[in-house]
Structures are given as structure tokens and as C-alpha cells.
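Structure record follows, encoded as C-alpha cells.
For ligands, and for the atoms within them, numbers begin at 1 and follow the listed sequence. For reference, positions follow the sequence shown, starting with 1.
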Amino acid sequence: MELVFATNNRHKLEEVGQILGAAYTLKTPADCGLTGDIPEEQDTLEGNALQKARYVKLHTGLDCFADDTGMEVTALGGAPGVRSARYATDGHNPEANMALLLKNLDGVADRTARFRTVIALILDGKEYLFEGEVRGHIGEVPAGDKGFGYDPVFIPEGYNETFAQLPPQVKNAISHRAEAVNKLAVFLKSYKG
Ligand code: IMP
């Protein structure tokens, strides 16, 4: 089955492709001639995932899905949340985002946090939502060079290393995105159309 994954992030495409398996061919918007930024202007993860999927559907006519992820820190009232990508600056600057997060948690005892992913799927003209989360805590300093985004500061529950230190297979088995994509995969496998 061919699906457009509404992302320009190669890391995500690889992660999701590994989880979905060989039965699915994922195309990017660029593969379908859709270049430029995909709008994500809503104030919830659900709203952004739907906005991105609807945009790709409108411009390609193809079945597609989009995800939106937030890092939600308990002591910061769920921030940065839907603003995770633009926490410190207007652009995507993971180092600045992590630095601001660590600054805002300076001296804070409760460092619990979670990543939460929402996937919006548009299939045969209908919309479906899937959600995944992974709980953990924010480390004192960034560590590791794998993964992307906030991975160097996030230590998942049950582990002593960050997502950026753990092997990608471990992250892919337990991550927020893995849980949401696994739900998507279960749905697609049983889909009768
Ligand atoms: P997006 O919604 O997936 O674009 O992600 C929003 C923000 O969360 C971006 O700053 C990403 O770098 C970050 N992010 C998303 N997924 C992950 C992840 O798996 N690990 C670390 N950071 C992530």
C-alpha cells in the first residue's frame, strides 16, 4: 500500500518506515511534487496533525497521514507541548530548545516528562486519529548523538540513558511515535475499505 507521510523530516520517515514494515511504501510530499512548508498553525497536536494531513490530501489527492509531537514537561504545565519545535526560537533549533528547557528546569525537583504523538490518517476520504506516548524524565545535561530533537535530554522510564544514547531499535520499540504508528499499522492491516 502506498501512503504519503506528510513530513520533510528524513529521521521520522526512516523511523516510521521501519515500524510500518515492507508492506507499506511511504512517499514524502516532495516525492509527489509538493514542496514548501506544510502549514501547522493550530494550538493542539490533534489540530496540527489534521491540518497537515488535510493539506497533503487537498494538494495530492492521495491517502496520507501526518503526525505532530510534543514534549510535555509536568513541572512546566505541559510546556513546551505543541510549541516544542519553536520553543526557544522561531526556527527549528534543537540545541537552543534543549538549553531553554534545561534552564527552565534549573533547580526543579520534578523532572518528569513525556513525549506525545498524534497521527491523523486520511483514508478513502475519512479521517482517523491515533495517539502514542512515552513517559520519562529530563536529564541534567544533554547526552548522546543519535536521534534528533529533544532526544539528548529525554531518559525514558526504565532506562538510565537518553533516547540519543540508546540504540535506535530500542527507541523505535518504546517511543511515542512507535506506539502511535503501531496503532496505525494495526488499523491499516485490518482495514477492509
Ligand atoms: P514534530 O511535531 O514531530 O515536528 O515535532 C515537534 C518538536 O518535537 C520538534 O522540535 C522535534 O524535534 C521534537 N520531536 C519530535 N519527535 C521527537 C523525537 O522522537 N525525539 C526528540 N524530539 C522529537
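Atom 13 (C) of ligand 1 has Y150 CD1, 3.9 Å as its closest protein atom, hydrogens excluded (heavy atom only). Counting only heavy atoms of the protein, atom 12 (O) of ligand 1 lies nearest to G149 CA, 3.3 Å. With hydrogens left out, the protein atom closest to atom 14 (N) of ligand 1 is F148 CE1, 3.9 Å, a heavy atom. Ranking the protein heavy atoms by distance from atom 6 (C) of ligand 1 puts T69 O, 3.2 Å first. Here the protein heavy atom with the shortest distance to atom 10 (O) of ligand 1 is A85 CA, 3.1 Å. Among all non-hydrogen protein atoms, the one lying nearest atom 8 (O) of ligand 1 is S84 CB, 3.8 Å.
For the 3.5 Å distance criterion, the side chains of Q42 and Q51 qualify, holding a donor opposite an acceptor. Side-chain contact of T112 with D110: a donor-acceptor pair under 3.5 Å is present, judged by distance alone. A donor atom on one side chain and an acceptor atom on the other are found under 3.5 Å apart for Y87 and N104. Y191 and D124 are linked by a side-chain donor-acceptor pair at a separation below 3.5 angstrom, with hydrogens and angles left out of the test.
With hydrogens and angles ignored, the 3.5 Å screen pairs no side-chain donor or acceptor of E14 with any backbone N or O of H11. Side-chain atoms of K12 do not come within 3.5 Å of backbone N or O of T7 as any donor-acceptor pair. Looking only at distances, no side-chain donor or acceptor of D106 sits under 3.5 Å from a matching main-chain atom of K103.
Using a 4.0 angstrom heavy-atom cutoff, H176 counts as in contact with ligand 1. The closest approach between a heavy atom of F115 and any atom of ligand 1 is below 4.0 Å.
Listed by number with element, the atoms of ligand 1 under 4.0 angstrom from any heavy atom of R177 are 15 (C), 16 (N), 17 (C), 18 (C), 19 (O). Of all the atoms in ligand 1, the ones that sit under 4.0 Å from a non-hydrogen atom of K12 are 1 (P), 3 (O), 4 (O). Listed by number with element, the atoms of ligand 1 under 4.0 angstrom from any heavy atom of D68 are 2 (O). The ligand atoms of ligand 1 that sit less than 4.0 angstrom from a heavy atom of K171 are 18 (C), 19 (O), 20 (N).
In this structure, K183 forms no cation-pi arrangement with F130, as its terminal cationic atom is not both closer than 6.0 Å to the ring centre and no more than 45° off the ring axis.
Contacts between M71 and ligand 1 below 4.0 angstrom, taking non-hydrogen atoms only, are absent altogether.
Selection from N48, D151, V118 by nearest heavy atom to atom 20 (N) of ligand 1 gives D151.
Classified by interplanar angle (parallel below 30°, tilted 30° to 60°, perpendicular above 60°), the ring pair F154/F163 is tilted.
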